[in-house]
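Only one structure is covered here, and it is reproduced in the block below.
For the numbers below, each heavy atom of this structure counts, side chains included, while hydrogens, waters and symmetry mates do not. Just so you know, residue 1 is the first one in the sequence shown, and it goes up from there.
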Amino acid sequence: MIRSKERFLQDLEQSLPSSVNKTEVIKEYNLHIEEKLFDQPHLKIEDVLEQIGDPVEIAKQYEDSLLIAKGFVSRNFVFCNFMFFLIGGLLTVCYHIFEDSLFSDAWGLLAQIPLTIVIVYTMFWMVLGFEIGREYGLLGKELFSKTVFISLIPNVLLMMMTLFHFIPVQWFQPILTPAFIMLCVIMTCLIYPISKLFYYIGVYRSV
């Protein structure tokens, strides 16, 4: 059993493959150990290190870390976010083409609950961060960032096209009020920090 944090971090650094940023990984694990000692003051350092695992085994997992970027979790979250926009776009088109139809009823319902839509969509990003953190732990940091930034592409494009009137705002009335547009802009800016907070919560729960 490793009985000191310094020895654990030293063994981890020596075992890590050269393809990863060793300084960043050591910094993350050092912070993780300190947080666990603070949250569980009744535990000794060797108990915390035993919970985290063998540094050599942890380092071996980084050998496959580059494959994670194409993993199941990443692809499916990106796909789900794309589907949100695809379904929303189809609903918008159908609403304008088929008047007095089921699409009109659905659009009317959405117009009544814009805040609920924002809350549910924010929860999607919370789940994204938490699941990657829980599934991959600290190994998933790069995967998390890539998944969020790729998923955010349609969000940013739609926001810019709407703000600069490349897309007629009238298409989305009465949902797109000035207040709702401002809320969407704010939430788009907050998506990454919110997701990252829940990523670290997932990391904590994975140990």
Please round to the nearest 0.5 Å and tell me the distance separating atom [atom1] of [X] and atom [atom2] of [Y].
X	Y	atom1	atom2	result
Asn76	Glu131	CG	CD	11.5 Å
Glu24	Leu16	CD	CG	12.0 Å
Asn30	Lys5	CG	NZ	4.0 Å
Leu90	Phe85	CG	CZ	13.5 Å
Leu152	Leu157	CG	CG	10.5 Å
Leu12	Arg7	CG	CZ	12.5 Å

Would you kindly confirm whether [X] and [Y] end up in one hydrophobic cluster when ILVMFWY residues are joined by side chain heavy atoms under 4.5 Å apart?
X	Y	value
Ile186	Phe180	yes
Leu128	Phe82	no
Phe77	Ile153	no
Phe149	Phe130	yes
Val185	Ile194	yes

Legend entry - side chain to side chain donor-acceptor pair (under 3.5 Å) contacts in which one or both residues fall within residues 108-120, not counting sequence neighbours: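 Passing the test, one end in residues 108-120: no pairs.
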Legend entry - Note: Glu57-Lys60 ion pair, threshold 4.0 Å (strictly below):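 So Glu57 pairs with Lys60 through a salt bridge.
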Legend entry - Val120: hydrophobic cluster co-members (side-chain, 4.5 Å): none
State, to 0.1 Å, how close [X] and [Y] come at their nearest heavy-atom pair, and which atoms those are.
X	Y	answer
Met187	Thr122	CE-OG1, 3.3 Å
Met126	Phe198	O-CB, 3.4 Å
Thr188	Val156	CG2-CG2, 4.5 Å
Tyr192	Ser145	OH-OG, 3.5 Å
Ala106	Leu91	CB-CD1, 4.2 Å
Ala59	Pro17	O-CD, 3.8 Å

Any side-chain heavy-atom pair from [X] and [Y] closer than 4.5 angstrom?
X	Y	result
Phe38	Glu34	no
Leu43	Leu37	no
Leu143	Lys146	no
Phe8	Ile45	no
Thr23	Lys27	no

Inset, instruction - Using side-chain contact (heavy atoms from CB on, under 4.5 Å) as the criterion, list what pairs up with Cys94, not counting sequence neighbours. - result: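 By the side-chain contact (heavy atoms from CB on, under 4.5 Å) rule, Cys94 matches Phe98, Phe103.
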Inset, instruction - Could you tell me which residues satisfy side-chain contact (heavy atoms from CB on, under 4.5 Å) with Glu6, sequence neighbours excluded, listed by chain and number? - result: Ser4
Legend entry - Derivation and outcome, side-chain contact (heavy atoms from CB on, under 4.5 Å), residues Lys36 and Ile52: CA-CA 10 Å; Lys36 290 187 73 65; Ile52 293 176; 4.2 Å; yes
Legend entry - Polar side-chain atom of Asn81 near backbone of Ser151 as donor-acceptor pair, under 3.5 Å: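 Checked: pair present.
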Inset, instruction - Verify, without hydrogens or angle tests, whether Ser195 (side chain) and Trp125 (backbone) share a donor-acceptor contact under 3.5 angstrom. - result: yes
Legend entry - Residues which pass ring pair (Phe, Tyr, Trp, His ring centres under 6.0 Å) with Phe84, listed by chain and number, not counting sequence neighbours: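 Checked Phe84 against ring pair (Phe, Tyr, Trp, His ring centres under 6.0 Å); matches are Tyr121, Phe124.
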Inset, instruction - Please list, chain by chain and in numerical order, all residues satisfying ring pair (Phe, Tyr, Trp, His ring centres under 6.0 Å) with Tyr199, sequence neighbours excluded. - result: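 Counting only residues at least two positions away or on another chain, Tyr199 forms a ring pair (Phe, Tyr, Trp, His ring centres under 6.0 Å) with Phe144.
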